[in-house]
Structure formats: C-alpha cells, structure tokens
2 protein chains.
Amino acid sequence: MPRPPAPRKTTGRPARISREEIIRTARRIVTEDGADRLTMRRLATEIGSTPMALYHHVRDKEELLLLLLDDHAARSLRRPEPPPADPRDRVLAAATAIHEVLAACPWIVEVLTADDLMSTSALWFVEQIVAGLTESGLSLDEAVRGYRTIWYYTAGEILVHATSARRRSTDDRPTYRDQVFAALDPAELPLLSRAAPRWTPLTAEDTYEQGLRALLTGLLSHTPA
Amino acid sequence: MPRPPAPRKTTGRPARISREEIIRTARRIVTEDGADRLTMRRLATEIGSTPMALYHHVRDKEELLLLLLDDHAARSLRRPEPPPADPRDRVLAAATAIHEVLAACPWIVEVLTADDLMSTSALWFVEQIVAGLTESGLSLDEAVRGYRTIWYYTAGEILVHATSARRRSTDDRPTYRDQVFAALDPAELPLLSRAAPRWTPLTAEDTYEQGLRALLTGLLSHTPA
DNA sequence: ACCTGAACACCGTTCAAGT
DNA sequence: ACCTGAACACCGTTCAAGT
C-alpha cells in the first residue's frame, strides 16, 4: 500500500525514532488502555520523544490510526486453508474472517468507516467476496454492490456492538434504552412490550453469521433468473 | 421518553435559559456548521450564557446529542399513510423511513450507535418492522433478531456514507482507497483491478433500498418452512 | 534531515462562590 | 434554584529555532 515518503537514507541526521516504533507503541497503548487514551502527546512521551517528532513520520493522527488498522489486519487476517469449494461458502468465509478480526479490536471504530476497509491485507478477502458473488451468477457491478452491502452490514454490526460495549463498561446508570423500554405502552407498542425483557439477551447474542447468511441468500436470489 | 428531572416550578430563581432553547440553538449550530463545531462553550456563548449554565439542563454533552437526535426524529419521521397492506412492504416502508431521516442528518454519526435507535418517535417504526416480520412467519425472537440485522445494515450504510462524505468535503488529496486502487496487481487481484474504475461511481450510488430488499428476502426465506 | 520548546487555539467538566 | 468565574486537566497542530 502507499508506503509513505520513505525516509531517504542519503543524507542528514540519523533518525532517532522510526515509523515502526511509533506504530508498535501506539498498538500497545491502544490495547492496554483503549483508543481514546491514544494521544499524540502520550505516544510521544512513551516513546521518549516530543509530540512534534511524530509529525516527521506520520502526517497526522488520522494517518496514524489508519496505519494502526493496516498493522492489525496484516498480523491477524489469515486466509482460509483450504478455501471452501462452494463460491457461496467462500464469500461467507471471507466476510466472517474480516468480521472476526475487526470485532477483536473495538478501538478501530474511529477509522473503520474511512472509505472502505482498504487495508492491503484485506484486499484479498474483498476479492474473494466479489469473486464468489460473480461465480454465483452476479455481474461484476452487482457483485461490487453486493460486497458493499455486506460491508455496510459488517461495519454496522461492529460499530453498534463496540459502542454499546464501551458504554456498558464506562457507565453504571441504566441505559437510555432501558429507560425507554421501562416506559413502553403495551397498547400502542404491543410487540415491543412483549419483547422488552428479551431485548437485552437478544442484543447480546452474536448473530453476525446468521444475518450474513440471510443477506447472502437474498443477494443471490435477486439474480436475474 | 425519559423526560429528565423536570425543573420543579415550586421555588427558587426563575430560569434564564431552557432545555428547549438549548436544543434549538444546538440544532442551528449543527445544521449550519456541522457536528464537530458544536461545543458546550460555543453553544453557551450563542445562547448568551456560560458553559456551566448548560450543565443545569443537560447532564453532559452526550445527553445533549441524544436529545438532539430525539428532536430531529420527532420533527422528521412521518408514518406512512396509509400503511402498506403487505407485511413485507410495511417492513420496507418503516426501515426506509428511518434510513431517510437519519441519512438527512449526517452529523448524527456520533450518537447513532448509542444502543439502538431508541428515540420515542422511532419506536413505532421498530414496532412496524418487528410486526411485519412476525406476520411473515417469524417468531418474536427471530423478528427481533431480524430487526437488529436490518438496523446494523442501516446504521452501517449511514455511518460509512457520512464519514466518506465528510472526508471528501474536508479534503482534496486523493483518498487512501484511491492510492490503494492505483497500485493493484491485476495478477493477484483480477476482479478488483477490473472493477477499480467502476468503484467510485458504484460507491456513490444509493443502493440502500436494493440491499434492504435482498436482506429482507433472505430473512424471510430462512423461516423454518 | 531530524528533533525540540514554546505557543496557539481550543476542548469538557469540576468546584466554590454568588444571587 | 439557577447562574458565574476561575481553574483543572487536557487536546492536535503550527512555527521558529536548534543540531
């Protein structure tokens, strides 16, 4: 991927800190203390340098987060071995792999929605999804649209779960949802009232794959027959 | 919904600013200048007061944003008249209505993933979705899971679009995605290479409803036969 | 070329005091 | 009860200078 303006080795003062060290330290902070604790200032002090030294190696904080996501994807994404024979199963396997890796690092939320997930290491998985969809009968355009639909679903699932998990841990007071649910009028909203006690357990369930299967069924059944 | 500790009218100094005025002003700032320009300090000065006066009417900034979302939902969400006869179409209509309203206010991103969209005014739409799904043959639990799947997809679509739109407007340099796509190896990723020139236009397309239909088809076809 | 120090222009929120 | 002023504990980033 766009390896950045690589430090010219030709001349000048030798570098004291490296992009690699920056990312390594950032990764540690983020896994130990969470994404909101990652600040340029703290990163600098942990590295034993000053905030402004960082700006010689990354353009700004956003680029840093993007590099962090790349790094995470590169070290965690594993290609399914062997790839499933059925194209539909290859789509499932690729999407599930992406989901798994991203769900494991909820701190990613801030960067997640940047464009698409276009880390180099993730591209192979995107290719698998698009390929599986075309082999199942979709045109290339339809397959790209299909990939995007899957991506929206995946990103949404991760973002919603990550945020509510964060909230649950930071906070003891009853959630807004609980308050709302406690005040439901069964006459006006009969099903929600009936479902109210089931809502929290159902929300906690991991239904990503189930939903993904449904989505995929729908995407493939909309093929021009 | 949880109308908050309503100011007791019984005694004490008359209030100079009201929760209503706070929300009205916040709404103006956010629609005029974007969500990142809404700060407690600026809100206070625009109201002609001090930051700390606000904290007498809202608990913190997060509550303010939640109230803002409630307010927006209350004034924009319109129930379909008449509701479609087919339960499947009622699900589509309700989800589309929610999507439309949220897509119109991209500033909502910060609050969107709070729990679920549990604004009081949105509850009727959630009820419609759950009802439509049960009438189509799902159990109540399955219908709630189905609603959540739809919600993930909807939230993801809005979040991804909102963020990339924000990026596009703030920024002229080529996106990360463009850089990645420019360096694709056709041998390794043949479909992505072929799709590369189509990617940006396809991303710009509004495919929410198309994806929603596919998802719904899948959710309903997974009914225990 | 790489790094430092000081400063700019902000944040959300707490605390103690005023009316 | 409601509001104010001052302060706390931070941010990301720019700029000018040092080596």
Side-chain angles (χ1 to χ4, degrees), chain A residues 3-23 25-26 29-30 33-68 107 110-111 114 166-167 170-171 173, chain B residues 3-23 25-26 29-30 33-68 107 110-111 114 166-167 170-171 173:
Chain A
R3 273 286 161 255
R8 302 149 238 252
K9 300 268 176 190
T10 47
T11 175
R13 192 163 155 180
R16 263 221 259 288
I17 60 179
S18 65
R19 188 182 263 248
E20 200 233 309
E21 186 184 6
I22 292 175
I23 293 174
T25 312
I29 294 178
V30 134
D33 290 359
D36 42 345
R37 303 303 264 280
L38 177 64
T39 70
M40 299 302 266
R41 287 158 190 270
R42 168 150 178 209
L43 181 54
T45 32
E46 300 239 339
I47 276 180
S49 182
T50 66
M52 282 318 299
L54 303 176
Y55 286 86
H56 263 267
H57 299 88
V58 298
R59 183 204 290 266
D60 52 19
K61 197 182 176 184
E62 192 186 312
E63 194 188 62
L64 175 65
L65 290 171
L66 230 42
L67 289 168
L68 212 51
W107 55 266
E110 278 85 358
V111 229
R166 177 150 45 174
R167 213 159 304 245
T170 331
D171 222 327
R173 51 183 161 142
Chain B
R3 274 285 161 253
R8 303 146 237 253
K9 300 269 177 191
T10 46
T11 175
R13 192 163 153 179
R16 265 219 258 289
I17 60 179
S18 65
R19 188 182 264 246
E20 200 233 310
E21 186 185 6
I22 292 175
I23 293 174
T25 312
I29 294 177
V30 136
D33 290 0
D36 40 346
R37 304 303 264 280
L38 177 65
T39 69
M40 300 302 266
R41 286 158 191 269
R42 167 150 178 208
L43 181 54
T45 33
E46 300 240 339
I47 277 180
S49 183
T50 65
M52 281 319 298
L54 303 176
Y55 286 86
H56 263 267
H57 298 89
V58 298
R59 182 204 291 265
D60 52 20
K61 198 182 175 183
E62 191 185 314
E63 194 189 62
L64 174 64
L65 289 170
L66 229 43
L67 289 168
L68 212 50
W107 55 266
E110 276 85 358
V111 228
R166 176 150 46 174
R167 214 159 304 244
T170 331
D171 222 327
R173 51 184 161 143

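Sequence lines set the chain letters: A, B, ... in the order given, protein chains first and strands last, and positions in each chain run from 1.
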TODO: Apply side-chain contact (heavy atoms from CB on, under 4.5 Å) to A:Arg16 and list each qualifying residue two or more places apart in sequence or on a separate chain.
DONE: A:Arg13
Task: Protein-nucleotide distance (A:Arg19, atom CZ; C:dC2, atom P), rounded to Å - done: 12 Å
Task: side-chain contact (heavy atoms from CB on, under 4.5 Å) against A:Glu20, all qualifying residues, sequence neighbours excluded - done: A:Ser18, A:Arg24
Open item on the list: Counting runs of three or more consecutive pairs, Watson-Crick or G-U wobble, with each distance below 3.5 Å, where are the stems of DNA chain D?
Closed with: C:4-8 with D:12-16, C:12-16 with D:4-8
TODO: Flag the pair B:Asp60 / B:Met40 as yes when at least one side-chain heavy-atom distance between them is below 4.5 Å, and no otherwise.
DONE: no
Task: Contact check, side chains of A:Leu38 and A:Arg42, non-hydrogen atoms, under 4.5 Å - done: no
Task: Rounded distance in Å between the P positions of C:dA9 and D:dC10 - done: 22 Å
- [ ] Mark up nucleotides 6-17 of chain D, 5' to 3', with B wherever a protein heavy atom is under 4.0 angstrom from a base atom, S wherever such an atom reaches only the sugar-phosphate, and - elsewhere.
- [x] -B---BBBBB--
Open item on the list: Can you list everything that forms a side-chain contact (heavy atoms from CB on, under 4.5 Å) with A:Asp36? Sequence neighbours excluded, please.
Closed with: none
Open item on the list: Using only atom types and a distance under 3.5 Å, with no angle test, would you say the side chain of B:His57 pairs donor to acceptor with the backbone of B:Ile17?
Closed with: yes
Open item on the list: Are the side chains of A:Leu54 and A:Leu64 in contact, using a 4.5 Å heavy-atom criterion?
Closed with: no
Open item on the list: Measuring to OP1 and OP2 of D:dC2, would you say a side-chain N or O of B:His57 lies under 4.0 angstrom away?
Closed with: no
Open item on the list: Mind checking if B:Ala53 touches a base, just sugar-phosphate, or nothing, with heavy atoms under 4.0 Å?
Closed with: base
Open item on the list: Applying side chain to side chain donor-acceptor pair (under 3.5 Å), can you list everything that pairs with B:Arg41, at least two apart in sequence or on another chain?
Closed with: none
Open item on the list: OP1 or OP2 of C:dT4 versus the side-chain N and O atoms of A:Ser49: is any pair under 4.0 Å?
Closed with: yes
